[in-house]
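Every heavy atom of this structure was used, including side-chain atoms; hydrogens, water molecules and symmetry mates were not.
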Amino acid sequence: MRIIVSPAKKMKVDTDSLPVEGLPRFLPQTEQLLAALRAMGPQELQALWKCSGSIAQQNLDRLASMDLRQGLTPAVLSYEGIQYRCMAPGVMAARQLAYLQDRLRILSGFYGMLRPFDGVTPYRLEMQARLAAGGARNLYGFWGDRLARELAGESDWVLNLASKEYSRAVTPFFPEDRVLTCTFGQWLQGKVVEKGTLCKMARGQMVRWLAENAVDKREDVAGFGDLDYRFDPALSTDNQYVFIKGGR
């Protein structure tokens with residue numbers, strides 16, 4: 001089993017809490033993307049990043065001094081979004097962190113795919129950004145089936161906890177029966193609705209629960225019940241598990 005998750009926009013530097021265990025596998029491709037970003041002007045980059053002037057300036061400064069090999073932070077500690085706060089890797093036991101390193105894979109527009117303790121530096125580049133590089137018009141074209149092939153070589157099935165923006169870089173290249181996608185929703189006006197913040201919380205909490213219980217079997221994923229979510233067999237299929245907050 002391999003678990004795929006999305007990254008977060010907000011990142012931090014933490015070179016002290018836990019050690020880096022290696023460099024990202026697709027660093028040559030990241031260097032290509034870095035060169036493409038550095039070739040763009042400030043206004044082009046702000047449009048690409050779709051951010052405020054202050055955030056753009058922060059990332060322009062990052063680009064100017066970016067070092068992909070020194071002063072790095074373990075990827076799982078670098079991201080600061082809601083999902084990662086619920087995952088709370090900073091307070092995990094050693095065996096849970098080892099589980100993450102073995103099974104968790106973080107998808108990234110800039111790095112492609114990361115193991116939790118790969119060393120990274122703060123960047124801004126979402127997977128859906130229209131950055132032309134390596135003969136491709138966007139990042140989906142740039143990464144192609146490379147990430148899926150890497151995952152397929154590691155495991156016979158994938159637990160998809162990534163957003164659609166990121167899972168789109170992997171799942172189209174996998175046979176349907178080799179991907180299990182989890183949906184986290186609640187009943188509103190007679191239909192199941194997914195809410196962004198709650199979904200991010202649930203994904204992070206599920207990763208934590210998987211690590212705490214050393215889950216490795218497809219059927220055991222249905223046992224997740226944190227944050228008042230319950231597996232709904234009537235709404236689920238073999239390739240999509242639906243969890244409803246508060247039940248029916």
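- Geometric assessment of Arg218 against the ring of Trp157 yields a positive cation-pi assignment under the 6.0 Å and 45° thresholds.
- Within the 3.5 Å criterion, the main-chain N or O of Lys9 finds no donor-acceptor partner in the side chain of Arg124.
- At least one donor-acceptor pair under 3.5 Å links the side chain of Ser155 to the backbone N or O of Met1.
- Ser65 meets the side chain to side chain donor-acceptor pair (under 3.5 Å) test with no other residue; sequence neighbours excluded.
- For the pair Leu210 and Arg103, the minimum side-chain heavy-atom distance is 4.5 Å or more.
- By the 30° and 60° cut-offs, the orientation of the rings of Phe243 relative to Phe184 is parallel.
- By the 4.5 Å heavy-atom criterion applied to side chains, Trp49 and Asn59 are counted as neighbours.
- Residues Ala162 and Leu107 approach most closely at CB-CD1, 4.4 Å, considering heavy atoms.
- With a 4.5 Å cut-off on side-chain heavy atoms, Leu139 and Leu125 count as touching.
- A 4.5 Å side-chain heavy-atom check between Glu80 and Met11 finds every atom pair outside the cut-off.
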With salt bridge (Lys or Arg N to Asp or Glu O under 4.0 Å) as the test, would you mind laying out the steps for Lys200 and Glu194 before giving the verdict? CA-CA 10 Å; Lys200 291 175 183 178; Glu194 295 178 85; over 6 Å; no
Carefully, step by step, assess Met206 and Leu227 under the rule side-chain contact (heavy atoms from CB on, under 4.5 Å). CA-CA 9 Å; Met206 176 173 270; Leu227 302 180; over 6 Å; no
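- The two residues Pro122 and Val13 have their closest heavy-atom pair at CG-CG2, 3.7 Å.
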One pair to check against side chain to side chain donor-acceptor pair (under 3.5 Å): Ser6 and Gln83. What are the steps and the verdict? CA-CA 9 Å; Ser6 306; Gln83 174 181 245; 5.6 Å; no
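- Counting non-hydrogen atoms of other residues, nucleotides and ligands closer than 6.0 Å to CD of Glu219 gives a total above 12.
- Taking the ring axis of Phe173 as reference, the NZ or CZ atom of Arg149 does not stay both within 45° of it and closer than 6.0 Å to the ring centre.
- Classification of Glu154 and Arg105 as a salt-bridged pair holds, one side-chain N sitting under 4.0 Å from a carboxylate O.
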Using the side-chain contact (heavy atoms from CB on, under 4.5 Å) rule, take Leu45 and Gln43 through it: C-alpha gap first, then chi angles, then the decisive distance, then the call. CA-CA 5 Å; Leu45 286 166; Gln43 291 183 332; over 6 Å; no
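- Put simply, the side chain of Asn213 gets close to the backbone of Trp209: a donor and an acceptor are under 3.5 Å apart.
- Looking at heavy atoms from C-beta onward, Thr121 lies out of side-chain contact with Thr73 at the 4.5 angstrom threshold.
- Side-chain N or O atoms of Tyr84 include none that pairs as donor or acceptor with a backbone N or O of Leu77 at under 3.5 Å.
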Using the side-chain contact (heavy atoms from CB on, under 4.5 Å) rule, take Thr197 and Ile82 through it: C-alpha gap first, then chi angles, then the decisive distance, then the call. CA-CA 7 Å; Thr197 297; Ile82 294 169; 3.7 Å; yes
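- Of the possible donor and acceptor atoms, none in the side chain of Gln186 sits under 3.5 Å from a partner among the backbone N and O of Val193.
- Side-chain atoms of Gln57 do not come within 3.5 Å of backbone N or O of Ser54 as any donor-acceptor pair.
- Heavy-atom minimum distance, Phe231 versus Ala222: CB-O, 3.3 Å.
- Note on Glu212 versus Arg95: no salt bridge recorded, every NZ/NE/NH1/NH2 to OD/OE distance being 4.0 Å or above.
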Chi angles and distances behind the salt bridge (Lys or Arg N to Asp or Glu O under 4.0 Å) call for Arg25, Glu150: CA-CA 10 Å; Arg25 295 178 178 177; Glu150 182 73 15; 2.4 Å; yes
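- Scanning both residues, Pro74 and Phe117, for their nearest heavy atoms gives CB-CD2, 3.8 Å.
- Ser78 contributes a side-chain N or O that, together with a main-chain N or O of Lys12, makes up a donor-acceptor pair within less than 3.5 Å.
- Under the 3.5 Å distance criterion, the side-chain polar atoms of Arg115 are matched with a main-chain donor or acceptor of Leu23.
- The two atoms that bring Val192 and Gly185 nearest to each other are CG1-CA, 4.0 Å, heavy atoms only.
- The shortest side-chain heavy-atom distance between Ile244 and Leu235 falls under the 4.5 Å cut-off.
- In this structure a side-chain-to-backbone donor-acceptor pair under 3.5 Å is missing from Asp145 to Ala148.
- Residues Leu114 and Ser108 come closest through the heavy atom pair CD1-CB, 4.3 Å.
- Counting heavy atoms of neighbouring residues, nucleotides and ligands inside a 6.0 Å radius, atom CZ of Arg38 exceeds 12 of them.
- Under a 3.5 Å cut-off, the side chain of Arg230 and the backbone N or O of Gly225 do form a donor-acceptor pair.
- Contact of the Phe224 side chain with the Cys182 side chain is not registered, since no non-hydrogen atoms from C-beta on lie closer than 4.5 Å.
- Aromatic rings from Tyr111 and Tyr123 are positioned such that their centres are separated by under 6.0 Å.
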Please assess Tyr140 against Gln128 for the test side-chain contact (heavy atoms from CB on, under 4.5 Å), listing each intermediate value before the final yes or no. CA-CA 7 Å; Tyr140 294 110; Gln128 62 187 359; 4.0 Å; yes
